[in-house]
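I have placed the structure first, in the form of structure tokens, so that the comments after it can refer back to it.
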Amino acid sequence: MPALVRLYIRHVLIGFALSGVFTGLLFWLNVANLWHLVRATQGGTIALVMLLVFNGLVFAGVQFAIAVMRMAEDRGPGGGGRKTPSVAHAQPATLAIRVGVEPRRG
């Protein structure tokens, strides 16, 4: 299996595990009375599954994005903003103004 595919699978599983911990904490701390809503309503299990899946997708995507961004090679010391600015040779603009002329109305 290619290394990038292994990297993807590993970090997606890590993201889903983090999502499970996060969702478990949401229910354990009863944030916004979620645990009561899941237990007391008829579609509570569907809501629980949807919360797990959609949080898992978000956490997995963020986890993989962080992993990919950390793969970047170091290009040496950064020197952002220290270049000398290019000098633009600006010419003054001339503008003709006619006083007392009313604008046309269409």
Side-chain angles (χ1 to χ4, degrees):
M1 183 180 319
L4 189 60
V5 174
R6 276 186 309 209
L7 177 81
Y8 178 74
I9 291 171
R10 181 173 58 240
H11 285 284
V12 164
L13 290 175
I14 291 170
F16 267 94
L18 289 172
S19 166
V21 170
F22 175 74
T23 307
L25 284 172
L26 280 178
F27 286 118
W28 184 59
L29 296 172
N30 203 18
V31 174
N33 211 16
L34 283 175
W35 181 242
H36 173 72
L37 288 172
V38 167
R39 283 187 313 155
T41 58
Q42 186 177 4
T45 52
I46 294 173
L48 174 66
V49 170
M50 287 177 65
L51 191 64
L52 281 169
V53 168
F54 291 131
N55 272 332
L57 290 173
V58 170
F59 276 70
V62 169
Q63 178 67 29
F64 182 62
I66 290 171
V68 168
M69 286 186 271
R70 290 186 61 178
M71 291 172 58
E73 295 176 4
D74 189 20
R75 296 184 183 177
R82 295 194 183 109
K83 290 182 4 179
T84 57
S86 61
V87 179
H89 299 287
Q91 299 293 326
T94 57
L95 181 63
I97 299 175
R98 291 185 274 168
V99 180
V101 178
E102 299 217 9
R104 289 187 184 181
R105 297 188 187 175

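As the structure is a computational prediction, the values presented were derived from the model and not from experiment. Start at 1 with the first residue, then count along the sequence.
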Val68 and Val62: same hydrophobic cluster, using ILVMFWY side-chain contacts below 4.5 Å? no

Point-to-point distance, once rounded to the nearest 0.5 Å, from CG of Asn55 to CZ of Phe16: 9.5 Å

Measuring from atom OH of Tyr8 to atom CG of Leu13, what distance do you get when rounded to the nearest 0.5 angstrom? 10.0 Å

CG of Leu52 to CG of Leu48, rounded to nearest 0.5 Å, is 5.0 Å

Note: Leu34 and Asn30 closest approach over all heavy atoms is N-OD1, 3.4 Å

Strictly distance-based, threshold 3.5 Å: is any side-chain N or O of Thr23 a donor or acceptor partner for the main-chain N or O of Ser19? yes

When the ring planes of Phe59 and Phe22 are compared, do they come out parallel, tilted or perpendicular, using 30° and 60° as the limits? tilted

Answer yes if Val31 and Val38 sit in the same cluster of Ile, Leu, Val, Met, Phe, Trp and Tyr residues linked by side chain heavy atoms under 4.5 Å apart, and no otherwise. yes

Ile46 and Phe27: same hydrophobic cluster, using ILVMFWY side-chain contacts below 4.5 Å? no

Are Leu18 and Trp28 connected in the hydrophobic side-chain network, where two residues link if heavy atoms are under 4.5 Å apart? yes

Membership question, hydrophobic clusters at under 4.5 Å side-chain separation (ILVMFWY): are Leu25 and Ile14 in the same one? yes

Going through the checks in order, is the side-chain contact (heavy atoms from CB on, under 4.5 Å) test met by Phe64 and Leu7? CA-CA 8 Å; Phe64 182 62; Leu7 177 81; 4.1 Å; yes

